[in-house]
Protein chains: 2
Amino acid sequence: MAIHALTMLARWDDRTLTSAEIAESLSSNPVLVRRILGNLRDADLVWSTEGRGGGWSLVRRPREITLLDAYAAVEQGPVLSRHPHSPNESCEVGRHMRGVLETEFLDAERAMEQRLAATTIADLVQQVLIAERSRGTA
Amino acid sequence: MAIHALTMLARWDDRTLTSAEIAESLSSNPVLVRRILGNLRDADLVWSTEGRGGGWSLVRRPREITLLDAYAAVEQGPVLSRHPHSPNESCEVGRHMRGVLETEFLDAERAMEQRLAATTIADLVQQVLIAERSRGTA
DNA sequence: AGAAACCGTAACTACGATCGTTGCAGTTTC
DNA sequence: GAAACTGCAACGATCGTAGTTACGGTTTCT
């Protein structure tokens, strides 16, 4: 959803887009868009101008923004579910499970993040344009 | 959490464990354990016997059960959050975003799953035993 | 036979995260 | 001064997960 917004900003990077315009494409509402883009702004991915005629634009070029950047800015909790509470310390397995699992899970999450970092917003724009062109000729 | 249970079954694979014993180590309760192990049973990872003296045991050897097996049996929804509802089809970007994102996300999830498939329950038992030994000498 | 110790499952509550809306304050432009 | 924006807080709806209780079925032990 953050990626959708970034892709739109990259597709029309000659002008700024308003929250309402982006919300329109997401079939959502402007406040939600501002919330998400607010996170992206804190991560220095986008930029906003207030007042009439204001809106959002990218800070870096689309080629320099990866899906991981967007993901890291928005997502907070870990992907793989940990224990809701500490296991029993008096059990031989329970004592060490937390640490062992943490290592494995972090590794797995790293693997996913590396894959996300391999794709940029520019790549997505490219794919959208290609799909759009083939739609026109269909 | 499913992995914790599998590791316990592997650690004491000379006998069956009851839901209550596993719940004890998880600081949880037997019903929750049965729910999770029920999924693992549907995935042919564990086996249960009813009645007095019954309990759970592994179907395959610990070396032949990967973290991905456990993950796939328990987790259902996708890890990466998709759009809650369809985007606007009348927008050039919205039209194709779903398909493009789906590909990227599936690839990323595959990367994570491959990492999970690289570790087996036997590996975890090994790590727990090592940690337990070093605890004894500390 | 009957009690005890198991699993299997459904129903219900509690909790937290996400989504969505409304409302209002601040800022810039026309 | 009105209009068009962002920024932000508060609130309610919804949903998935965790946890509990309750009850029924199955096997073993005495």
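Quick note on labels: first sequence line is chain A, next is B, and so on, each numbered from 1. Since this is a predicted model, take the numbers as computed values, not measurements.
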Discussion item. For B:E21, is there an ion pair with B:R15 - N to carboxylate O distance below 4.0 angstrom?
Written reply: yes
Worksheet item: Roughly how many Å is it from CD in B:E24 to C1' in D:dG19, rounded to a whole number?
Response: 16 Å
Worksheet entry | Distance in angstrom units between A:N39 CG and C:dC19 P, rounded | 11 Å
Item to complete: Report yes if at least one side-chain N or O of A:S28 is closer than 4.0 Å to OP1 or OP2 of C:dG20; otherwise report no.
Response: yes
Item to complete: Could you state the atom-to-atom distance from CG of A:L37 to P of D:dC8 in whole Å?
Response: 13 Å
Fill in: Heavy-atom check, side chain of A:E109 versus side chain of A:M112, under 4.5 Å
no
Worksheet item: C:dG8 phosphate, OP1 or OP2: any side-chain N/O from B:S48 under 4.0 angstrom?
Response: yes
Worksheet entry | Whole-Å distance separating the CG atom of B:N29 from the C1' atom of C:dA10 | 15 Å
Worksheet item: Counting distance only, does the side-chain N/O of B:N88 pair as donor-acceptor with the main-chain N or O of B:G94 below 3.5 Å?
Response: no
Discussion item. Between the base of C:dG20 and the side chain of A:R35, is there a donor and acceptor pair under 3.5 angstrom?
Written reply: yes
Discussion item. Students often get this wrong, so: under 4.0 angstrom with heavy atoms, is B:Q76 touching a base, only sugar-phosphate, or nothing?
Written reply: sugar-phosphate
Worksheet item: Heavy atoms, side chains only, cut-off 4.5 Å: are A:V79 and A:Y71 in contact?
Response: yes
Worksheet item: Which part of the nucleic acid, if any, lies within contact of A:S81, taking any heavy atom under 4.0 Å across all strands shown: a base, the sugar-phosphate backbone alone, or nothing?
Response: nothing
Discussion item. Need one value for B:H83: base, sugar-phosphate or nothing, where a base atom within 4.0 Å counts as base even if backbone is also close, heavy atoms only.
Written reply: nothing
Discussion item. Does C:dG20 have its OP1 or OP2 closer than 4.0 Å to a side-chain nitrogen or oxygen of B:H85?
Written reply: yes
Item to complete: With DNA chain D as reference, determine whether B:G53 or A:G38 sits nearer its 5' end, using the nearest nucleotide of each.
Response: A:G38
Worksheet item: Can you check the B:L32 CG to C:dC12 C1' distance for me, whole Å?
Response: 15 Å
Item to complete: For A:E21, report the nucleic acid contact type (base, sugar-phosphate, nothing); a contact means any heavy atom under 4.0 Å.
Response: nothing
Worksheet item: Atom CZ of A:R82 to atom P of C:dA17: distance rounded to whole Å?
Response: 16 Å
Discussion item. Can you tell me which nucleotide in D:dT28, D:dT21, C:dC7 comes closest to the side chain of B:V31?
Written reply: D:dT21
Worksheet item: Rounded to the nearest Å, what distance is computed from the CZ atom of residue B:R34 to the P atom of nucleotide D:dT17?
Response: 20 Å
Worksheet entry | Nearest-angstrom distance from the residue atom CE of B:M1 to C1' of D:dG16 | 14 Å
Worksheet item: Does B:L116 offer a backbone N or O that forms a donor-acceptor pair with the side chain of B:T119 under 3.5 Å?
Response: no
